[in-house]
Amino acid sequence: MLLVGLVLAACVESPPPIEGDDLDRELEQLAALDLAAPAATSVLRQAREITVRIRTLGCRQFGVGSGFVLPGGIVVTNRHVVDQPVDVTVNTWDGRSLEARVDGVAVDSDLAILRLQDASDLPVANLRTDPVRAGEPIVVVGYPGGGPSTITTGTVVGMVRGEMLGEAADVVRIDAEIRQGNSGGPVLDQEGRVVAVVFALEIDTGMGLAVPIQVLMDRLDGTQLAPPAGC
């Protein structure tokens, strides 16, 4: 049984800028990556700065999810995060609120592509081209509950058949903590590269599920995207 509707019906304020004490506390979570302190700090900063909170005003409710920024003002999130959007706002790591539009939603995967009106100075994610392997350490970043940015660590447990979940390809199972509001957030490897996009939680096991980045890369050309549903 899956918890796939991770839209949080809430309206919240913009996230505060990252403070030094917050970085020190969250560095402890990166011990699982077995990196030296400077490298861990770099991964942490990159993970935080590419991840955004997404607020949507839909036809029937407010929703909150997560996403990450790519070059050209593109923001990646889940299709279910921007269901029937009327207004979409992206909150950045340093407290800014930017307007966005939904460019398209994947017809065969829980992915959506947003476009920011002004993203010239935003940090952008690096995507990893080769698949993740079972046992790899990973980092998950997001805005659970629509609150402050959080980072959790874990490992890749394995793969799950995508057809069982309405996905076009097998999805990644991870043991990092996932909560409502993490939807659309990035899963990164120990070099800070995005390897998957969080989209669901297995209720029975408590493990997270994520769309492999290779699926996203195949959708970025727009050929398998459709306009978002209207009211």
Side-chain angles (χ1 to χ4, degrees), residues 2-4 6 18 22-23 25-53 65-70 75-78 81 93 109-111 123-144 148-162 165 167 169-218:
L2 295 177
L3 176 61
V4 294
L6 300 187
I18 299 173
D22 295 332
L23 289 171
R25 284 193 296 270
E26 289 189 335
L27 274 173
E28 297 178 3
Q29 299 185 54
L30 294 182
L33 296 181
D34 193 26
L35 295 175
T41 302
S42 177
V43 170
L44 173 59
R45 286 189 179 276
Q46 180 179 1
R48 291 286 293 267
E49 293 179 6
I50 66 169
T51 306
V52 296
R53 183 172 60 195
S66 303
F68 57 94
V69 183
L70 295 180
V75 174
V76 177
T77 188
N78 288 149
V81 170
W93 68 279
S109 183
D110 196 353
L111 294 171
V124 297
N126 294 317
L127 306 183
R128 174 170 149 179
T129 58
D130 57 303
V132 292
R133 301 177 299 276
E136 278 195 56
I138 49 90
V139 175
V140 175
V141 195
Y143 290 87
S149 171
T150 65
I151 291 180
T152 58
T153 60
T155 58
V156 175
V157 177
M159 306 296 290
V160 181
R161 290 176 58 190
L165 309 171
E167 286 290 317
D170 291 350
V171 302
V172 183
R173 178 185 274 143
I174 57 177
D175 61 9
E177 181 183 7
I178 300 295
R179 292 189 287 152
Q180 291 187 349
N182 275 113
S183 289
V187 180
L188 302 98
D189 65 12
Q190 61 184 347
E191 296 182 23
R193 300 172 297 178
V194 179
V195 298
V197 184
V198 174
F199 80 98
L201 174 71
E202 289 182 337
I203 293 178
D204 292 343
T205 66
M207 293 188 182
L209 298 174
V211 180
I213 206 65
Q214 289 76 22
V215 175
L216 170 64
M217 294 171 71
D218 288 343

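The first residue of the sequence shown is numbered 1, and numbering continues consecutively from there.
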Partner set under salt bridge (Lys or Arg N to Asp or Glu O under 4.0 Å) for Glu177, not counting sequence neighbours: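 Salt bridge (Lys or Arg N to Asp or Glu O under 4.0 Å) check on Glu177 returns Arg179.
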Which atom pair, heavy atoms only, marks the closest approach of [X] to [Y]?
X      : Y      : answer
Val81  : Gly65  : CG1-CA, 4.0 Å
Asp189 : Glu136 : CB-OE1, 4.4 Å
Thr77  : Ser183 : OG1-O, 4.1 Å
Pro212 : Met159 : CG-CE, 4.3 Å
Gly142 : Asn182 : CA-ND2, 3.5 Å
Val69  : Pro123 : CB-O, 3.7 Å

Is there a side-chain contact (heavy atoms from CB on, under 4.5 Å) between Val198 and Val140? Walk through the geometry before answering. CA-CA 8 Å; Val198 174; Val140 175; 4.0 Å; yes
Not counting sequence neighbours, which residues clear side-chain hydrogen bond (donor to acceptor under 3.5 Å, both in side chains) with Arg161? List them please.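 Scan of Arg161 (side-chain hydrogen bond (donor to acceptor under 3.5 Å, both in side chains), adjacent residues dropped) gives Glu163.
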Are [X] and [Y] packed together at the side-chain level, in the sense that at least one heavy-atom pair is separated by less than 4.5 angstrom?
X      : Y      : value
Val187 : Val156 : no
Val124 : Leu70  : no
Leu165 : Val171 : yes
Ser149 : Val141 : yes
Phe68  : Val197 : yes

Under the side-chain contact (heavy atoms from CB on, under 4.5 Å) test, residues paired with Ser109 that sit two or more places apart: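 Ser109: side-chain contact (heavy atoms from CB on, under 4.5 Å) contacts with Ala106, Leu111, Glu167, Val211, Val215.
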Are the side chain of [X] and the backbone of [Y] linked by a donor-acceptor contact shorter than 3.5 Å?
X      : Y      : value
Asn126 : Arg193 : no
Gln190 : Ile138 : no
Asp110 : Asn78  : no
Ser66  : Gly181 : yes

Please identify which of these residues, Ile50, Thr153, Leu44, Thr51, meets the side-chain contact (heavy atoms from CB on, under 4.5 Å) condition with Leu188.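 So the option named by the test is Ile50.
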Can Arg173 and Glu202 be counted as an ion pair, charged N to O under 4.0 angstrom?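 Yes, Arg173 and Glu202 are salt-bridged.
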Output the distance between atom CG (Leu209) and atom CG (Leu201), rounded to the nearest 0.5 Å.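 Going from the CG atom of Leu209 to the CG atom of Leu201 covers 7.5 Å.
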Rounded to the nearest 0.5 Å, what separates atom CD1 in Ile178 from atom CE in Met207?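 Between Ile178 CD1 and Met207 CE, I get 12.0 Å after rounding to 0.5 Å.
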